[in-house]
Every structure is written in C-alpha cells, then in structure tokens.
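So that the names make sense, note that chain A is the first sequence line, chain B the second, and so on, each numbered from 1. In this text, all values refer to a predicted model and were calculated from it rather than measured experimentally.
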Number of protein chains: 2
Amino acid sequence: MPAHPAAEMHPSLRPSAPLTQSLPEQIAARLSECIVSGAYAPGQRIMEQAVAEEFEVSRGPAREALRLLEKDGLVMILPRRGAQVTNPSIEEVHEIFDIRAMLNGLRDRLIAEGPHRAELIPALERDIEKLAQTAATPGPGDDYIDTVLRLNRLLTQAAGNHRLQTILGSLAVQTVRYTRLGLSTPQRRQQSVRNWQSLLQAIRAGDGDAAERIARQRVIDSRDAAVEHLRAQAG
Amino acid sequence: MPAHPAAEMHPSLRPSAPLTQSLPEQIAARLSECIVSGAYAPGQRIMEQAVAEEFEVSRGPAREALRLLEKDGLVMILPRRGAQVTNPSIEEVHEIFDIRAMLNGLRDRLIAEGPHRAELIPALERDIEKLAQTAATPGPGDDYIDTVLRLNRLLTQAAGNHRLQTILGSLAVQTVRYTRLGLSTPQRRQQSVRNWQSLLQAIRAGDGDAAERIARQRVIDSRDAAVEHLRAQAG
DNA sequence: ATTTGTATTATTGTCAACAATCTTCTTGAC
DNA sequence: GTCAAGAAGATTGTTGACAATAATACAAAT
C-alpha cells in the first residue's frame, strides 16, 4: 500500500504513464524538437526511410513516430505522399487560438472553482513575479516565454481534467512558435503580465466566471498579436 | 474551371479529402461502428491478429486501424498490452462533456456571428421542427437522436473552423452513447427542443453571446442527464 | 511552344517472420 | 491452503523484403 491513499493524490501526480518511452515515442520526441525549433521548416517533407536511417531503426517505428507527430498536429500525412511539416495558414492559426481560448477558459475556471487551488497559489505567485521581472527587460524574451509555458503546463495539469490536458497540450505544441511571435514586444509582455496578475486574483477569490473571462482574453490577445505579426510577415 | 469559383464555395464543401479510403481507414470505420453500437463492449480487448484475420489483411493495417481508433478515443492502447475499448469513468464522461460544452459554445457563436448564417437557417428550421414533432412521441427515440446528431454535424461543418470540426467530431463519437442515454426521457427531449429553438432565435438575431450561452447550457444539461443515468446504473 | 503519353525513379503500403515481453498455468515449498 | 518461482503460451514490437502507387523527366505529336 502506498504512503498516500489514491483518493488524496492529486490527479496531475498519477503515475499512469509507462516508465520507459517506446521507440516511436522517443523518435517522435526528437523530431518534435526539430519541428518546434524550426530546424525542420514548415512544408518540408519528412520521409520514413530518412527517419529510419537517422535513428538506426527500421521503417516501422519511424512510420509510427510520424503518426504520433500527426496526432500532435506537427506534421500532415497525406495518403501515398507521406508526412510534411504543417504550415498552417493565418486563418488556421486564428482557428487554433480560438479553440485554445475557450479551453483555457474552462481550465482556469476549473482551477478557480476547484478544491486544490490553495495549494497552487504559491507556485503561481512565484512564476508570475518572475514574469513581472522579465517582462520589461528588452532581451530575447526566451526567459519570459519559458516561464509562460511552465505556468501554462502547471495550470493545465492542476485543472484535473485529463482529456482537457491532452487536448491543450497538443494545441500548445502547435502554437508555441506563434505564441513566441506574439510575445516579442515589451508592450505585449506587460499586457500579458497584467492579465496573469488578474487571473491570480480571480483564483484567490475563487471567482470562476472572472477566471474564465480573463483566460479567454489572454489567449485572444495572444491570437491577435500573433496574427498581426504573421500578416506583417506575409505582406 | 469549376462551375462555382472557390472563393464562393462554403468551407464545408471543400473536396480536400482523398477520394478513396485507405485500408486502415476502412477497417477503422467498421470497427468504429462495432464499438459505438455496443457490439464491442467497453473494456473488451481487441487484438491485432483477430482484426487482421477478420478483414483478411496482415497485422500492419490492422495495427494502424487500432491507432486510428485511439485517435478518436474509442480504444485505449497500452504498451505491450494492445487495444481495449475505452470504458470511461463517470468523471471522465463529465470531463468530456465539459470540453464539448465550451467548444459547442464557440461553434454556435461563430455561426451566429458568421456571414453564412442566413443560408443555414432553412435547414435548421426544418430539423428543429422535426425534433419538436418527435420529442413527445414515447417511442425508442432513435429518430430524435439521429436528428440531433445530424443537426450537430451540420452546425459543426458550417462553423468553418476546420480544427474545431475535427475535435468536436472526435468528442461527439466518444459521447454518442451517453448523449443517447441522456435524451431517453420525454422531459429531457422537450428541454432539448426548447434549447434548440432558443438557439435558432439567437442565430437569426446574429447574437453570438446568446448562441454561446445557449449551446453551453444544452451540453451541460446533456452532461447532467447522462451522469445522473450513469450514477443510477452504477449504484 | 504546349501538351500528351511513357518510362523511370522515389516513396509509401503491405506482408510474413522473428524478437521481446507480458500473462497465465503449473509446480513446489512452507 | 497459500504463496512464490518458473515454464509455457499468447501478444505486441521490430525487421527487411516485396508490391503498389505517385512524382518526375523526357520524348513525341499537334
């Protein structure tokens, strides 16, 4: 019998995942980095044979790794044409952010109305304080982005809705590069910090309506900033 | 050149899907029916070899078909243990309905605020009228459910958010059996009809806020009814 | 010069066999 | 009688080869 009964265990701590990643999962994780970091350009084709040789496995696991990437929306698989890195249009990016806005709203409502919110607040305060410190510094902003991503992971896990966690995780991976784009200016980062601070207040107060509204607004702001940048890039 | 220029074509009519389904897709479609209809019981294991023999293919396509079912949440694949039909707990059903509530809210807002809503209204009126007629009849209610499902498909396609369509489609498949459960009484069906009629009004008026609120309430009602039935069944 | 048909090549789809691992059944000891 | 250890069987994971198909290059005809 474990030290802590299952009933008291927080959902995000459930050790349901297998201890060791499968071969396709390891390959997918590596490829995922390459795509998110931009080493593999959008639209680029990824061929099974090349993946197989790169990782010194047969085409089976390579093939399956690509299917895993498809599940995360990082590649698109066309019949008889193989996989290519997704290159979403501005409209599709807009669409994904809209979905994230709704589901982040649900997530933060669940947290604000949930019984575990008190345990969460110290970590939240710490990260949001860190955001406030790095928001004004003009540097590359990677610190800021990293903290935002960690904060989001923390909240997504804490919401306790497993399916929501899966979907939001997938959508987050797909939009990392656009989130980064949208948080590239100090003004936007300061707007973002103010929003996080409001959210913290709403969670402290246990105000689910406010938490949902604030979360939605944050993602919508992020969406608008990203889309604006993309339009500027595209002409 | 096609008869109608692409710019005027409704998003839901884009012929982007390949004309012919792949072998794994065909197998997955058949298995999907078996699971949704209940021929394969929740928790039941589905083995690759058995699928391969059933459809007279090798284990490769059978394996991939099971991965496709996993993507739709119809089976759960555990490492070295294979696939088994998902048997979500009451809490998980609750979770999925919560997600559907948010995303249906987004969907119906997009429709109410979208430019294509006028074209949609006649079909909506027809289906909702049909709902009103079959709501009070005590029969098996399959007509009612079928109409609700068609109505939802219509709206999901019309919203014009492709990713949303994918996610909602997957979630709908996973909850069909619980939706059916929740709409098994005449009272619930009448409540449902009133909600659809309100939605129609909101769409007519182009009131996105109202459309979202109404859609959410509909799914929440559906959730509560389903969960109540499940709790009664479980003891 | 454009287009159509054809051959070539590259790439994915499928298959059957082998390896690794998990489950279950049996056996034996306490 | 219960539990542990080990063997046997069943099932997934992986591999390499073969088949089917789509992209490409090139030649020929209008």
Side-chain angles (χ1 to χ4, degrees), chain A residues 1 15-32 34-35 40-87, chain B residues 1-2 14-32 34-35 40-87:
Chain A
M1 185 150 144
S16 59
L19 262 45
T20 160
Q21 273 185 326
S22 75
L23 210 39
E25 281 171 340
Q26 292 177 43
I27 297 171
R30 295 281 198 88
L31 291 178
S32 179
C34 294
I35 295 174
Y40 286 3
Q44 181 177 337
R45 285 183 69 178
I46 305 180
M47 274 165 283
E48 293 178 359
Q49 186 64 43
V51 175
E53 285 171 11
E54 171 73 22
F55 294 94
E56 294 178 353
V57 294
S58 111
R59 266 182 55 219
R63 183 189 181 82
E64 183 144 336
L66 291 175
R67 306 296 154 133
L68 292 175
L69 292 181
E70 190 198 23
K71 213 163 54 172
D72 273 2
L74 290 175
V75 305
M76 198 169 40
I77 294 181
L78 299 101
R80 304 256 174 218
R81 304 235 2 215
Q84 59 181 348
V85 179
T86 49
N87 188 12
Chain B
M1 186 149 124
R14 274 180 312 195
S16 58
L19 262 44
T20 159
Q21 273 185 327
S22 75
L23 209 42
E25 281 172 341
Q26 292 177 44
I27 296 170
R30 295 279 199 89
L31 291 178
S32 179
C34 294
I35 294 173
Y40 286 4
Q44 180 178 339
R45 284 185 69 180
I46 305 182
M47 274 165 295
E48 295 179 359
Q49 188 62 44
V51 174
E53 284 170 11
E54 170 74 22
F55 293 93
E56 294 178 353
V57 294
S58 114
R59 268 182 53 218
R63 185 187 179 81
E64 184 146 335
L66 292 175
R67 306 296 156 131
L68 292 176
L69 292 181
E70 191 197 23
K71 216 164 50 172
D72 273 2
L74 290 174
V75 306
M76 197 168 39
I77 294 181
L78 300 101
R80 306 256 173 218
R81 305 233 4 213
Q84 59 180 346
V85 179
T86 50
N87 188 12

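Note that the CD atom of B:Gln44 and the CG atom of B:Asn87 stand 11.5 Å from one another [nearest 0.5 Å]. A distance of 10.5 Å separates CE of A:Met47 from CD of A:Glu53, quoted to the nearest 0.5 Å. Interatomic distance, OG of A:Ser22 versus CG of A:Leu68, reported as 7.0 Å (0.5 Å rounding). Note that CZ of B:Arg63 is 13.5 Å distant from CD1 of B:Ile27, once rounded to the nearest 0.5 Å.
Distance from the side chain of B:Arg80 is smallest to C:dT21 among D:dT14, C:dT21, D:dT21. Of the candidate nucleotides C:dT12, D:dT15, D:dG13, C:dT12 has the atom lying nearest to any side-chain atom of A:Arg63. Side chain of A:Glu48, nearest nucleotide from C:dT12, D:dT14, C:dC15: C:dT12.
In this entry the distance linking CZ of A:Arg45 with C1' of D:dT24 reads 12 Å, nearest Å. What separates CD of A:Glu53 from P of C:dT12 is a distance of 12 Å, to the nearest Å. What separates CD of B:Glu64 from C1' of D:dT14 is a distance of 15 Å, to the nearest Å. Taking atom CG on B:Leu78 and atom P on D:dT12, their separation rounds to 11 Å, with Å as the unit. With rounding to whole Å, A:Glu25 atom CD is found 17 Å from D:dT12 atom P. Atom-to-atom, CE of A:Met47 to P of C:dA10 comes out at 11 Å; the value is rounded to the nearest Å. In this entry the distance linking CD1 of A:Ile27 with C1' of D:dT15 reads 13 Å, nearest Å. The CD atom of B:Gln21 sits 15 Å away from the P atom of C:dG13 (whole-angstrom rounding).
Each of A:Arg59 and A:Leu23 was assigned the nucleotide of DNA chain D with the nearest heavy atom; the assignment lying further toward the 5' end belongs to A:Leu23.
Between B:Val85 and B:Ala41 the shortest heavy-atom distance is CB-O, 3.4 Å.
In this structure, B:Gly60 reaches neither bases nor backbone, as no heavy-atom distance under 4.0 Å exists between it and the strands shown. When heavy atoms are screened at a 4.0 angstrom cut-off, A:Arg81 is found touching the sugar-phosphate backbone but no base atom.
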